Novice: 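Take this structure first; my questions come after.
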Amino acid sequence: MCVGFFMILLDTTIVNVAMPAMIDGLRASLNDIIWVNSAYLLTFAVPLLLTGRLGDRFGPKRVYLTGLTIFVLASLTCGLATSAELLIAARAVQGLGAAAMTPQTMAFITHLFPPHKRGAALGVWGSVAGFATVSGPLLGGLLVTTLGWEWIFFVNLPLGVVALVLVLRWVPDWQPGRSHRFDVLGIVLCCLGLGLVVFGVQNGEHYGWGRVAGPINITEIIVTGAVLLVVFVLWQAAGRNTEPLLPLRIFGNRNFSLGNVANVIIGFSVTGLFVPLVLFVQTVPKLSAFEAGLLTAPTSLTSGVVAFFAGRLSNGPGAKYLPITGFVLLGGGIAVLTLQLGGSPWLLLPALVVVGAGMGMVYAPLTNIATKTLDPVLMGAGSGIYNTSRQFGGVLGSAGTGAVLQVVLAATGDFTTATRGALLMLVASTVVGVTAAVLMRRETGVQDSAGASDPGLPVTRPS
């Protein structure tokens, strides 16, 4: 299962180093290429609440294999794309495939490992994420430099075949045996609301924060999206909605609620960091794509190593101090980066290693703390919501840093100043992550909530 998860995350990070090459090769704008990233993150984030239920109904192995097939075919289309528009569309389909795969991986972890052993499993899972992100910049830089940007997508074809064979051979066809009603209205409201907000934020500068088409302007688009998201939340709380997409009662668990806040921030910070940073080092100091990958590789390598050990430590009573420390390191590392942007890019390495250590201390421990105290009947819903919050943070991080880059660049004409502005926004966001982690309870057991009604995504653990 982790082979496919590796491929999903590889494709997130591998694109960053190829952005300048895609701008030249497709004659695209900065906004177009940021949308190549945002389209993937958006279609990855929104369906996660639904795909967890699909796995519960049809079996996680079958949904995983369907998503894997979609992902590989979309990767082929991405590599063959001759325009930014086609590439963005193919990346959106790729995101749908990733959305189908991701909850099934986490569902199998919660199915196979009891709470007291789950930290170690999540540590391995977090390490896979770290090593995928270290492989992405290096492999992407090498492929872009030697073969062209198209090959960052073609590389998914052999990886996908390997993942397909391994899953068919060794992963059990576990059937949770649940039948669900699907909250169609909730899906529509969530997709439209999130899509409009992201479109408005990211394209605001492109349209001069004014008219987009006819009488419709950017402000109206953002406000409409926000209203739809409010209506979505109200619909989830409505008594008529017997099986909501987002069961709000799950947020009665304090650690889970705060964990999701922190999860949005880690997605926001990490995605928001690498988009402007990789563009900067290839635009101002003129590093090659491979050199840019080499520069950022220690961040992800450190993250993967630290995550492995942090996941094991997260079973202890002081587990919440791991993400607290992680967010402090992450924010401090990014703050140092903003001060060093004017010098040699290689002087950024120590700060990037600190950032990687911070990431590793947040990922696996935060997941374990947030989900460990959930009642087992809420675990399936929790997995879908938790995955969604991280991807939602990534969408906002990509859109937000893209917007700041374009606004400051238009005002100053200086890419260094624009990058510094984007990074300072990320430093501020980590304060929210630290606060959420500090407010978590020191709980190690599963709460007794036998009276809670089933939101529709139970995970049955084998004896």
Side-chain angles (χ1 to χ4, degrees), residues 12-13 15-42 84 87-88 91 137 140 149 197-210 212 218-219 221-222 265 267-287 289 292-293 295-296 299 330-331 333-343 345 348 351-352 355 393-430:
T12 303
T13 58
V15 169
N16 292 333
V17 296
M19 284 182 173
M22 287 190 283
I23 289 175
D24 293 336
L26 296 173
R27 297 179 181 178
S29 67
L30 174 61
N31 188 59
D32 289 336
I33 296 307
I34 290 176
W35 261 110
V36 170
N37 206 38
S38 292
Y40 176 77
L41 293 171
L42 185 63
L87 180 57
I88 291 168
R91 282 283 283 171
W149 65 265
V197 169
V198 172
F199 178 88
V201 171
Q202 186 166 301
N203 288 276
E205 182 61 29
H206 178 71
Y207 290 104
W209 299 97
V212 176
I218 285 291
T219 302
I221 289 174
I222 294 175
I265 297 302
F268 182 91
S269 303
V270 173
T271 303
L273 170 63
F274 286 105
V275 171
L277 183 63
V278 172
L279 283 171
F280 169 80
V281 297
Q282 293 186 72
T283 302
V284 179
K286 302 292 185 183
L287 296 187
L295 176 67
T296 57
T299 305
L330 179 61
I334 297 174
V336 173
L337 288 176
T338 65
L339 301 175
Q340 296 178 326
L341 287 179
L348 303 175
L352 287 170
V355 167
V395 173
L396 294 180
S398 178
T401 51
V404 172
L405 279 177
Q406 294 178 77
V407 169
V408 179
L409 192 58
T412 65
D414 181 40
F415 204 87
T416 301
T417 302
T419 304
R420 187 171 285 120
L423 296 186
L424 286 173
M425 177 183 67
L426 302 179
V427 173
S429 75
T430 59

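Nothing here was measured: the structure is a model prediction, and the numbers come from that model.
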Novice: Could you check if a side-chain atom of Leu30 sits within less than 4.5 angstrom of a side-chain atom of Met19, using non-hydrogen atoms only?
Specialist: no

Novice: Using side-chain heavy atoms (C-beta onward) and a distance below 4.5 Å, is Phe274 in contact with Thr299?
Specialist: yes

Novice: Please verify the inter-ring angle class for Phe415 with Phe280; under 30° counts as parallel, over 60° as perpendicular, anything in between as tilted.
Specialist: parallel

Novice: Would you compute the distance between atom OG1 of Thr271 and atom CG of Leu426 and round it to the nearest 0.5 angstrom?
Specialist: 9.5 Å

Novice: Just so I know, are the side chains of Thr219 and Trp209 near enough to count as touching, which here means a heavy-atom distance under 4.5 Å?
Specialist: no

Novice: Could you check whether any side-chain heavy atom of Val407 comes within less than 4.5 Å of a side-chain heavy atom of Val404, counting everything from C-beta outward?
Specialist: no

Novice: Can you list the steps and then say if Ile34 with Asn37 is a side chain to side chain contact (heavy atoms under 4.5 Å, CB included)?
Specialist: CA-CA 5 Å; Ile34 290 176; Asn37 206 38; 5.6 Å; no

Novice: Rounded to the nearest 0.5 Å, what's the gap from OG1 on Thr416 to CG on Leu341? Could you check?
Specialist: 6.5 Å

Novice: How close do Gln282 and Ala289 get, counting heavy atoms only, and between which atoms?
Specialist: OE1-CA, 3.6 Å

Novice: Are the side chain of Ser398 and the backbone of Gly394 linked by a donor-acceptor contact shorter than 3.5 Å?
Specialist: no

Novice: With distance as the sole test, does Arg91 use its side chain to make a donor-acceptor pair with the main-chain N or O of Val36 at under 3.5 Å?
Specialist: yes

Novice: Does any non-hydrogen side-chain atom of Met22 lie less than 4.5 Å from one of Asp32?
Specialist: no

Novice: Would you sort out whether Ile33 and Leu279 count as a side chain to side chain contact (heavy atoms under 4.5 Å, CB included), showing the intermediate values?
Specialist: CA-CA 11 Å; Ile33 296 307; Leu279 283 171; 5.9 Å; no

Novice: Any chance the side chains of Ser269 and Ser429 put a donor and an acceptor closer than 3.5 Å?
Specialist: yes

Novice: Roughly how far, to the nearest 0.5 Å, is CZ of Phe268 from OG1 of Thr430?
Specialist: 10.5 Å

Novice: Answer whether the closest heavy-atom distance between the side chains of Leu273 and Leu337 falls below 4.5 Å.
Specialist: yes

Novice: Could you report the tightest heavy-atom contact between Pro276 and Leu405, atom names first, then the distance?
Specialist: CB-CD1, 3.8 Å

Novice: Is there a side-chain contact between Leu87 and Trp149, using heavy atoms and a 4.5 Å cut-off?
Specialist: yes

Novice: For the residue pair Val284 and Thr419, establish whether any side-chain heavy-atom pair is separated by less than 4.5 Å.
Specialist: no

Novice: Does the side chain to side chain contact (heavy atoms under 4.5 Å, CB included) test come out yes or no for Leu330 and Ile334, once each step is laid out?
Specialist: CA-CA 6 Å; Leu330 179 61; Ile334 297 174; 4.0 Å; yes

Novice: Can you name the closest pair of heavy atoms from Ala292 and Val281 and give their distance?
Specialist: CB-CG2, 3.8 Å

Novice: Can you tell me how far apart CH2 (Trp35) and CD1 (Ile88) are? Round to the nearest 0.5 Å.
Specialist: 8.0 Å

Novice: If you look at every heavy atom in Ala351 and Gly333, which pair is closest and at what distance?
Specialist: CB-O, 3.7 Å

